[in-house]
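Take a look at the structure below.
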Amino acid sequence: MKFFIDTANLADIREAADLGVLDGVTTNPSLMAKEGITGKNNILKHYKAICDIVDGDISAEVNAIDFEGMVREGEELAEIDEKIVVKLPMTREGVKALKYFSEKGIKTNCTLIFSAGQALLAAKAGATYVSPFVGRLDDISTDGVALIEQIVNIYENYGYTTEVLAASIRHPMHIVQCAEVGADVMTGPLSVILALLKHPLTDLGLEKFLADYKKGNP
Ligand code: E4P
């Protein structure tokens with residue numbers, strides 16, 4: 001399973017990269033705004049800074065909602081670095097843009113996926129990744145992990161190569177559950193990735209090992 005970090009915070013991205021398990025980054029306009037990154041030039045520069053830290057796919061989202069605007073913006077984003085994956089929304093115009101970029105050999109990530117039908121459409125349009133939002137579905141009492149499983153099965157039935165990128169990951173069990181049902185990728189914040197490290201028996205065990213080592217090596 002690939003691990004992507006879902007943030008535009010450079011310190012968090014560096015920390016996750018230092019851990020040695022980071023395969024890529026996802027961002028969105030809200031995450032950019034959270035870091036105070038506004039204005040086209042600053043946004044493009046910020047993506048470049050992320051590309052310089054991480055060796056992997058970096059999803060950069062378009063803000064246009066029409067096909068021509070998405071193409072213009074996506075092409076500009078793709079120019080920044082070959083690591084850039086153009087992130088497009090699951091809309092009629094977004095599907096057309098997925099097809100356009102896929103035919104040009106530019107990687108895409110179809111975002112805001114909330115149903116298997118949407119994921120099927122994105123795969124048919126040649127998306128490199130689809131991003132079903134697990135946490136936001138859970139928030140409205142719908143099983144987000146079940147959607148991941150459904151999409152994985154559909155893609156397997158037809159041999160689609162589109163990768164299932166479990167997004168909107170809120171806690172470490174989401175990561176484990178998505179891994180169990182075969183998600184190709186998960187994207188989550190640094191805190192959730194680091195939470196995978198934690199187990200009280202690991203802490204207690206280490207404490208005891210250190211205490212016993214000290215007894216023999218005073
Ligand atoms: C996916 O690429 C989105 O950026 C993200 O995972 C959404 O997460 P949220 O529901 O926590 O905002």
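Numbering of ligands and ligand atoms starts at 1, following listing order. Excluded from the calculations below are hydrogen atoms, water molecules and symmetry mates; all remaining heavy atoms, backbone and side chain alike, are included.
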Check your understanding: Among protein heavy atoms, which lies nearest atom 4 (O) of ligand 1, and at what distance?
Key -> N28 ND2, 2.7 Å

**Study point:** Ligand-residue contact atoms, ligand 1 with R170, heavy atoms, under 4.0 Å
**Key:** 9 (P), 10 (O), 11 (O)

Study note, to complete from the structure: A119 and V130 have their tightest heavy-atom pair at O-CG1, 4.2 Å

Exercise for review: Check each atom of ligand 1 against the heavy atoms of A167 and keep those under 4.0 Å away; list them by number with element.
Suggested key: 1 (C), 6 (O)

Review point. Tell me: protein heavy atom nearest atom 8 (O) of ligand 1, and distance?
Key: S168 CA, 3.4 Å

Study note, to complete from the structure: Paired with F4, the side chain to side chain contact (heavy atoms under 4.5 Å, CB included) test is passed by just one of N109, V25, D23, namely D23

**Study point:** Salt-bridge criterion met for R72 and E68 (N-O under 4.0 Å)
**Key:** no

Point to revise | Over all atoms of both residues, closest heavy-atom pair of T7 and I13 | key: CG2-CG1, 3.6 Å

**Study point:** Sub-3.5 Å N/O-N/O distance, S131 and ligand 1
**Key:** no

Review point. Once you round to the nearest 0.5 Å, how far does CD of E35 lie from CG of N42?
Key: 13.5 Å

Revision key, fill the gap. Atoms of ligand 1 under 4.0 Å from any heavy atom of R136, numbered from 1 in the order shown, are 7 (C), 9 (P), 10 (O), 12 (O)

Study note, to complete from the structure: the protein heavy atom lying closest to atom 5 (C) of ligand 1 turns out to be D6 OD2, 2.8 Å

Revision key, fill the gap. Atom 7 (C) of ligand 1 has as its nearest protein heavy atom F133 CE2, 3.6 Å

Exercise for review: If the plane angle is over 60° it's perpendicular, under 30° parallel, otherwise tilted; pick one for H171 and H174.
Suggested key: parallel

**Study point:** Close-contact set for ligand 1 against K87 heavy atoms, below 4.0 Å
**Key:** 1 (C), 2 (O), 3 (C), 4 (O)

Review point. Closer than 4.0 angstrom: is that true for some heavy atom of E61 and an atom of ligand 1?
Key: no

Practice item. Grab the two heavy atoms, one from P29 and one from N63, that are nearest each other, plus how far apart they are. Key: CG-OD1, 3.2 Å

